[in-house]
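To start, the structure under review is shown below, and the notes come after it.
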Amino acid sequence: MTDIKNKTFKFVVVGGGIAGVTCVEQLSSQFPSADVALITAGLHIKTVTNYRQVSKTLEEFDVEERPLSVLEQKFPKLTVIHSAVKALHSQLRSVQTVDGMEFGYEKLCICSGARPKLLTQDNPCILGIRDTDSAQEFQKRLSTAKRIVVVGNGGIALELVYEVEGCEVIWAVKDKAIGNTFFDAGAAQFFIPSLEAPKLERAGPRKRPRYTTEEVEGGTCQTFTADKIQRGNSSGSSEPGSALGPDWHEGILLRGAEQVSHRVSVEYQCQVEKIFTSEELLRSPQHTLRSEKESWPVYIQLTNGKTFGCDFIISATGVVPNTEPFLHGNNFVLADDGGLQVDDQMMTSEPNVYAAGDVCTACWEHSPFWQQMRLWTQARQMGWYAARCMAAHTLSEPIELDFCFELFSHITRFFNFKVVLLGKFNGQGLGSDHQLLVRCTKGQEYVKVVLSGGRMVGAVLIGETDLEETFENLILNQMDLTRYGEDLLNPDVDIEDYFD
């Protein structure tokens, strides 16, 4: 490789995660002769594979971790710089790395992701899961563990408590129900039997089960809270790798040291009061904490008064935007959640500086059916759209907000069920001015639609419902559904054919 120190690039992208790599790929494709640089602290990058457009806004893809050289082989004018960013000098249009190199840019896109919010720092018994290294560290520790405590109620916690076997799991959640980030208490109850039973004992969903139907009036939906899911923590590394993608646990044996198959106990509406080492516990005057015969490496006291000893604690309490290296000496406007504010063309408050993915906060006027959640699907969409905006501005061409921001849509899997979330799926921002229709069959399907003024504004689909494209259309078209009433979810009515 030629000497690149102090080189100026047309485009510089910081971050080797889904947003950054997607941005770089799009820029390199649109400007094959332009000098493009990707600066990443990790040894590997995250790439989107097996991409499939399910509907107008729904998309599915896999995330694979690949060596840095893959991108340079694909795009000859792309330079991948393996280093962390130390500082940004926006007035000089330059980025400085920790190993002393400095690179100029015409346009910069910050895709540095987010860092974990750990329960406490510098405690070897507290582990977060964010990148491949921390996932492998978790697997290693779990192999000798008899009991772990999981703190958090987002996506990482939902995946963990279902996948872990051979180990007792104590799950501490701050809400009245599990999965509060993604669904309401009704859907949470639908999942509980799967949580309690061994995974292999749960029968797969049938195509057309029999249903019970109920209608709920008023504000029974949970209000959305920005409990982020984009992955926990690096295992002590000063420069963590990029966030894990969907199905990160595939191919990793998550088994503890016990013969028990699957044992999860949920502690609701509680948070962490205090964390003790075994030595601190022995010195504690609080005799109520010495309730267990077995000695554990760490003890956790919850606000519900219960104390548990365990081998280690998983902190899955969310993330914060990783803006730290870029703020000093610059004039970025930050959102309330700490993210870099971006407008509807992914531009920050600094000239020629864009941002995409977890590090930014979408501060334009949102569509009535879209909200930002720090998910891998939105990271890919933002990275792709940011590249298109950078290209359009370079060519002095106008650009309109991409259609993907018209409707929030996300496909994932929880407890081995397909889960589709559409629009204001939890009645976000609607207050009591909405109506719910629910169709549920235990162990098979859970369908919930959110109606406001007789029009569909959101939906949760669990299981193989085949309703996602129809409901997407109904939300986007805003058809008045008042006259259909409960028949909207009547299993004897082929709603797909009726509305498509």
Side-chain angles (χ1 to χ4, degrees), residues 52-61 154-155 158 179-188 190-191 205 215-216 219-227 229 246 362 366-382 401-414 417-430 433-440 445-481 484 488-489 494-500:
R52 184 171 74 93
Q53 191 78 36
V54 178
S55 63
K56 290 189 184 76
T57 62
L58 277 166
E59 56 187 30
E60 283 187 302
F61 55 81
L158 284 165
N180 191 55
T181 307
F182 298 101
F183 31 75
D184 61 10
F190 173 84
F191 282 123
E215 184 174 340
V216 186
T220 57
C221 280
Q222 299 290 338
T223 301
F224 169 69
T225 57
D227 186 14
I229 78 162
H366 297 170
S367 155
F369 314 116
W370 188 86
Q371 62 271 335
Q372 183 178 6
M373 293 181 69
R374 286 176 165 86
L375 304 168
W376 51 87
T377 47
Q378 290 190 344
R380 193 208 69 81
Q381 291 168 344
M382 285 184 169
L401 185 66
D402 193 82
F403 188 77
C404 69
F405 299 109
E406 282 296 309
L407 173 68
F408 174 85
S409 57
H410 185 59
I411 300 179
T412 187
R413 295 193 77 86
F414 289 129
F417 282 93
K418 177 181 174 181
V419 177
V420 177
L421 307 174
L422 295 171
K424 301 295 183 178
F425 60 90
N426 259 355
Q428 294 95 319
L430 299 178
D433 183 27
H434 64 276
Q435 178 188 44
L436 305 182
L437 288 176
V438 177
R439 181 176 86 188
C440 179
E445 273 192 346
Y446 181 90
V447 178
K448 180 187 79 174
V449 298
V450 184
L451 302 171
S452 180
R455 291 167 169 81
M456 192 181 298
V457 296
V460 175
L461 309 174
I462 301 173
E464 301 297 331
T465 68
D466 295 329
L467 292 171
E468 49 265 34
E469 191 167 5
T470 300
F471 284 3
E472 177 192 63
N473 288 333
L474 289 175
I475 296 172
L476 290 171
N477 295 340
Q478 284 298 281
M479 179 187 294
D480 188 347
L481 303 171
Y484 299 104
L488 195 62
L489 295 186
D494 286 326
I495 187 172
E496 305 99 308
D497 298 333
Y498 196 79
F499 288 108
D500 286 349

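When reading the values below, keep in mind they use all heavy atoms of this one structure, side chains included, and skip hydrogens, waters and symmetry mates.
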request  = Would you mind reporting whether V449 and M456 have side-chain heavy atoms less than 4.5 Å apart?
outcome  = yes
remark   = Rounding to 0.5 Å, atoms CD (E445) and CG (L489) come to a distance of 10.0 Å
query = What are the two closest heavy atoms between G454 and D480, and how far apart are they?
reply = O-OD1, 3.6 Å
request  = Run the salt-bridge test on R380 and E59 with the 4.0 Å N-O cut-off and return the result as yes or no.
outcome  = yes
query = For the side chain of R455 and the backbone of Q478, is there at least one donor-acceptor N/O pair under 3.5 Å apart?
reply = yes
query = Hey, does M382 have a side-chain heavy atom less than 4.5 Å from the side chain of F405?
reply = yes
query = Should K418 and E60 count as an ion pair when the cut-off is N to O under 4.0 Å?
reply = no
ask   = Can you find a pair of side-chain heavy atoms, one from V460 and one from L421, that are under 4.5 Å apart?
value = yes
query = Can you tell me how far CG of L467 sits from CG of N473, rounded to the nearest 0.5 angstrom?
reply = 12.0 Å
query = Which atom pair, heavy atoms only, marks the closest approach of K448 to F425?
reply = NZ-O, 3.0 Å
Shortest non-hydrogen contact from L58 toward S409 = CD2-CB, 3.5 Å
Check: M479 main-chain N/O paired with N477 side-chain donor or acceptor under 3.5 Å = no
key: Closest heavy-atom pair and its distance - N426, D184   = OD1-N, 3.5 Å
inquiry  = Can you tell me how far apart CH2 (W376) and CD (Q381) are? Round to the nearest 0.5 Å.
reply    = 12.5 Å
Spatial distance of atom CG (L451) from atom CG (L437) [nearest 0.5 Å] = 5.0 Å
remark   = Scanning both residues in full, the closest heavy-atom pair of E468 with V420 reads CB-CG1, 4.0 Å
task = Locate the shortest heavy-atom distance separating T181 from G154; write the atom from each residue and the value.
result = OG1-CA, 4.0 Å
query = Does a side-chain heavy-atom distance below 4.5 Å link Y446 with F183?
reply = no
message = Looking only at side-chain N and O atoms, does T57 offer a donor or acceptor that is under 3.5 Å from a partner on E472?
response = yes
note = CZ (F417) and OG1 (T465) are apart, to the nearest 0.5 Å, by 12.5 Å
task = Taking the side chain as every heavy atom from C-beta outward, state whether I462 and F191 have any pair of such atoms under 4.5 Å apart.
result = yes
ask   = From I475 CD1 over to L422 CG, what is the distance, rounded to the nearest 0.5 angstrom?
value = 5.0 Å
task = Report the C-alpha distance between V419 and F182 in whole Å, list the side-chain angles of each, state the deciding distance to 0.1 Å, and finish with yes or no for side-chain contact (heavy atoms from CB on, under 4.5 Å).
result = CA-CA 9 Å; V419 177; F182 298 101; 5.9 Å; no
task = List the steps, then state whether side-chain contact (heavy atoms from CB on, under 4.5 Å) holds for L476 with K56.
result = CA-CA 10 Å; L476 290 171; K56 290 189 184 76; 4.0 Å; yes
ask   = Between H410 and F408, what is the ring plane arrangement, given parallel below 30°, perpendicular above 60°, and tilted in between?
value = tilted
